[in-house]
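Below: one structure, written as structure tokens.
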Amino acid sequence: MIKGVLVVNNYGKPRATKFFEYFPVDEQQRIIREVFALISKRNERACNFLENTGIFPGAENEGTKLIYRHYATLYFIFVADSSESELGILDLIQVFVESLDRAFENVCELDLIFHPDRVIYILDEIVQGGMVLETRQEEILNALAAQAKIEKEQDPLRSKMKSLVNMARRG
């Protein structure tokens, strides 16, 4: 099961976070700080997996792993238990990043800052409740397009503007 997903920049600032287990906010902040401290020190050639090193205390978290990839200025980190395959999670990170890249047309850190709702929506299409839901990019992007269409149709300001424009054209 996936316990959380973190997207953190090179300076340790979280750009997107989603925990699938309850942690109080101060505990989440501690986890983000410690995970970043561990991962940012590692050599680029080092393995992309880390075992639980006391970040998640307790016997039930003994098999917790950190699986991450570093792209440009962002670290994409998945926290998973021992039942998840490390290579499978690396593949899932790749699907997430490629979906973001296609949704934002060459994604960068600013896209994550200014469109956190879309980032979390894409993540929700891939993982829900800690379980992998979808891995096909086309399905993920189709769901994102359908959501954007619904939002556009339900935007009252946009519909009022359209009616005003139509009235101005007729009158």
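- Here the rule is side chain to side chain contact (heavy atoms under 4.5 Å, CB included) with Leu74, and of Leu112, Asn10, Val8 only Leu112 fits it.
- At distances below 3.5 Å, at least one donor-acceptor pair connects side-chain atoms of Lys65 with backbone N or O atoms of Glu84.
- Taking a 4.5 Å side-chain heavy-atom cut-off between Ile, Leu, Val, Met, Phe, Trp and Tyr, the cluster of Tyr11 contains only that residue.
- Criterion: ILVMFWY side-chain heavy atoms under 4.5 Å apart, direct or through other members. Under it, Val95 and Tyr121 are part of a common hydrophobic cluster.
- Looking at heavy atoms from C-beta onward, Tyr68 lies in side-chain contact with Arg42 at the 4.5 angstrom threshold.
- With hydrophobic clusters built from ILVMFWY side chains whose heavy atoms lie under 4.5 angstrom apart, Leu144 shares a cluster with Val107.
- For Arg136, the salt bridge (Lys or Arg N to Asp or Glu O under 4.0 Å) test picks out Glu134, with sequence neighbours left out.
- The side-chain heavy atoms of Asp111 and Leu100, taken from C-beta on, include no pair separated by under 4.5 Å.
- Residues that satisfy the salt bridge (Lys or Arg N to Asp or Glu O under 4.0 Å) test with Arg15, not counting sequence neighbours, are Glu109.
- Ile2 places a side-chain heavy atom less than 4.5 Å from the side chain of Leu92.
- Here the side chains of Thr17 and Val7 are not in contact, with every heavy-atom distance at 4.5 Å or above.
- Looking only at distances, no side-chain donor or acceptor of Asn9 sits under 3.5 Å from a matching main-chain atom of Thr73.
- Proximity of a side-chain donor or acceptor of Asn142 to a complementary backbone N or O of Glu138 within less than 3.5 Å is detected.
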Quick one: side chains of residues 32-41, donor-acceptor pairs under 3.5 Å with protein atoms, not counting sequence neighbours, listed by atom name and distance.
residue, atom, partner, partner atom, Å
Glu34, OE1, Arg30, NH1, 3.0
Glu34, OE2, Arg30, NH1, 3.1
Ser40, OG, Phe36, O, 2.8

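- Side-chain atoms of Asn48 and His70 form no donor-acceptor pair, as typed in the model, at a separation below 3.5 Å.
- Residues Leu66 and Phe23 share a single hydrophobic cluster, defined by chaining ILVMFWY side chains whose heavy atoms lie under 4.5 Å apart.
- Checked by atom type and distance alone, the side chain of Arg118 pairs as donor or acceptor with a backbone atom of Ala103 at under 3.5 Å.
- Transitive grouping of hydrophobic side chains (ILVMFWY, heavy atoms separated by less than 4.5 Å) brings Val132 and Leu87 into a common cluster.
- Tyr75 and Ile67 end up in different hydrophobic clusters when Ile, Leu, Val, Met, Phe, Trp and Tyr side chains are linked at under 4.5 Å.
- Checked against side chain to side chain donor-acceptor pair (under 3.5 Å), Gln28 has no partners two or more places apart in sequence or in another chain.
- Between the CD atom in Gln147 and the CG atom in Asp124 there is a gap of 10.5 Å [rounded to 0.5 Å].
- Counting Ile, Leu, Val, Met, Phe, Trp and Tyr side chains that sit under 4.5 Å apart, directly or through other members, Ile150 stands alone, with no cluster partners.
- The distance from the NZ atom of Lys18 to the CG atom of Leu123 is 6.5 Å, given to the nearest 0.5 Å.
- Phe96 is listed as a side-chain neighbour of Ile122, based on a closest heavy-atom distance under 4.5 Å.
- Counting heavy atoms from C-beta outward, Phe19 and Val79 have side chains that stay 4.5 Å or more apart.
- Using the six-membered ring where Trp is involved, Tyr71 and Phe76 have ring planes that are perpendicular, over 60° apart on the 30 and 60° scheme.
- In this structure, Gln94 CD and Ser99 OG are separated by 10.0 Å, a value rounded to the nearest 0.5 Å.
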